[in-house]
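In what follows, every heavy atom counts, from backbone to side chain, and hydrogens, waters and symmetry copies are set aside. Chain letters run A, B, ... following the sequence lines, proteins first, then strands; residues in each count from 1.
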Amino acid sequence: MSVRQSQKEATRKRVLDAARDLFETRGYEETTVREIARVAEVSVGSVFTTFSSKGDILSQVMADRLDALYAELDRVVPHLRGSTADRLRSMFAIHYAFETRRTKLFLAHIAAAYDWTLEPSSRPFGRNPHLKQVVKDCLADGVTRGDVDPSTDLDIAVDTLMASYAWTYRLAAWNESDAETMSAVFDKHIGLICQGFHPR
Amino acid sequence: MKHDPLTLHGAQEAEVRVPTRRALAKQQTRAKVLAAARRLFSEEGYEGATIRDIAAAAGMSTGAVFANFTDKSDLFREIMLTDMASLAEVMREAAHRGRAVDDCLLKAFSAGYAFYKSQLPLARAAFSISWSPDQGPELRSMAPVLALHDLITEQLLAGIERGELSQEAEVKLRTQMLFDCYLANYPEAIFLGWSIDALQAKAKDQIRVILAGARRG
């Protein structure tokens with residue numbers, strides 16, 4: 001790596017660290033790029049040579065965090081036992097537990113999915129294919145295990161689960177619910193959806 | 001002069017007229033501000049639209065805007081209230097045209113998508129601020145939003161009544177999930193440009209999945 005490249009990489013990391021803390025403590029809307037630059041001890045100009053906008057910075061902060069989450073998920077999934085519904089419950093519980101460690105940041109991430117200024121390259125909430133794939137694999141295994149009807153349209157089932165999963169976050173946004181409360185609510189949703197594709 | 005009974009009488013008459021004219025002018029001002037705000041929220045998003053821009057677009061001072069609305073969120077709430085009330089009405093009429101429970105729900109949802117198809121940028125702004133801890137709960141508890149919940153619940157109860165769904169259909173939970181799915185399809189329309197037909201096809205499948213466990217027999 002050239003000197004310039006490693007400098008750029010260092011700047012990137014400092015900006016992301018500063019932004020993550022500011023977004024969480026102050027909130028996304030209240031944080032300016034100027035403040036991020038000040039806390040990261042870099043110039044505003046150099047922030048913009050690496051990132052195109054505040055939305056882009058948020059997207060990168062979340063991408064890094066989600067990489068860690070999915071690593072945890074991939075590690076846990078092979079050890080899950082029990083019915084398809086129970087496996088799904090465990091998978092989503094891991095999500096709620098992880099994401100509520102920094103609730104404000106995560107809610108900003110969801111809100112940003114509706115942001116105007118987002119780059120096509122950024123990965124806002126709901127446009128990350130990894131979780132969908134893990135859930136779909138779990139359902140496909142359920143067909144093999146015999147507790148998911150083989151005629152089930154897996155993509156629709158995944159979609160319905162994802163919709164319920166995302167909107168359950170309203171509880172965190174509006175009622176300041178914790179991970180346990182959200183998991184309990186979503187456990188019921190999962191039970192109900194699984195009822196629908198259980199073989200008769 | 002004040003003590004002259006005749007003048008006093010005249011002044012009272014004037015008092016009856018003047019507020020009416022003033023109220024009318026105030027109403028027109030509000031309508032002008034709301035129209036400008038609607039356009040700017042659609043073009044710039046909620047964060048991007050400033051009171052100053054809205055005032056300029058309406059051809060008045062920021063002071064005149066603030067004389068009618070307390071702040072930007074007040075403006076947005078006003079627009080949402082009007083729209084959501086019409087939306088609830090449209091969805092209710094559509095639901096009544098359906099026969100079986102899934103048909104009623106699908107017709108209601110499709111009517112909703114058709115209603116917002118022409119104003120997706122505004123829907124996008126609404127979704128964005130619905131996640132904010134301050135404004136989210138307010139949006140959620142607006143009477144027309146609660147009416148949408150009630151509409152779904154009524155369809156499920158009618159389905160139970162007609163014997164299409166079992167008595168143990170967990171109406172409250174299913175209402176929430178159906179509403180979630182209805183809302184969750186909006187990003188497809190907003191970002192991926194899905195047609196009404198595509199949204200309808202997806203909603204149809206989702207309704208089927210959510211109702212499957214409650215089917216009788």
Q.
Less than 4.5 Å to any heavy atom of chain A: does that hold for the side chain of Leu183(B), its backbone, both, or neither?
A. both
Q | chain A contacts, top residue of Ala123(B), Pro137(B), Gly48(B), Cys181(B) (heavy-atom pairs, under 4.5 Å) | A | Pro137(B)
Q) Tyr182(B) vs Phe109(B) aromatic rings, parallel, tilted or perpendicular, using cut-offs 30° and 60°? A) tilted
Q | Aromatic Tyr28(A) / basic Lys104(A) pairing, under 6.0 angstrom, 45° off normal | A | no
Q | Donor-acceptor contact present, side-chain Ser110(B) to main-chain Leu106(B), <3.5 Å | A | yes
Q. Can you say whether Glu176(A) sits under 4.5 Å from chain B via the side chain, the backbone, both, or neither, judging by heavy atoms?
A. neither
Q. Asp56(A) and Gln60(A): side-chain donor and acceptor closer than 3.5 Å?
A. no
Q: Measure from the ring center of His95(A) to the ring center of Phe98(A) and say whether it is less than 6.0 Å.
A: no
**Q.** Top contributor to chain B contacts, counting heavy-atom pairs under 4.5 Å, from Ala157(A), Ala163(A), Cys194(A)
**A.** Ala163(A)
(Q) If we define contacts as heavy-atom pairs under 4.5 Å, which of Arg208(B), Glu170(B), Gln206(B) has the most with chain A? (A) Gln206(B)
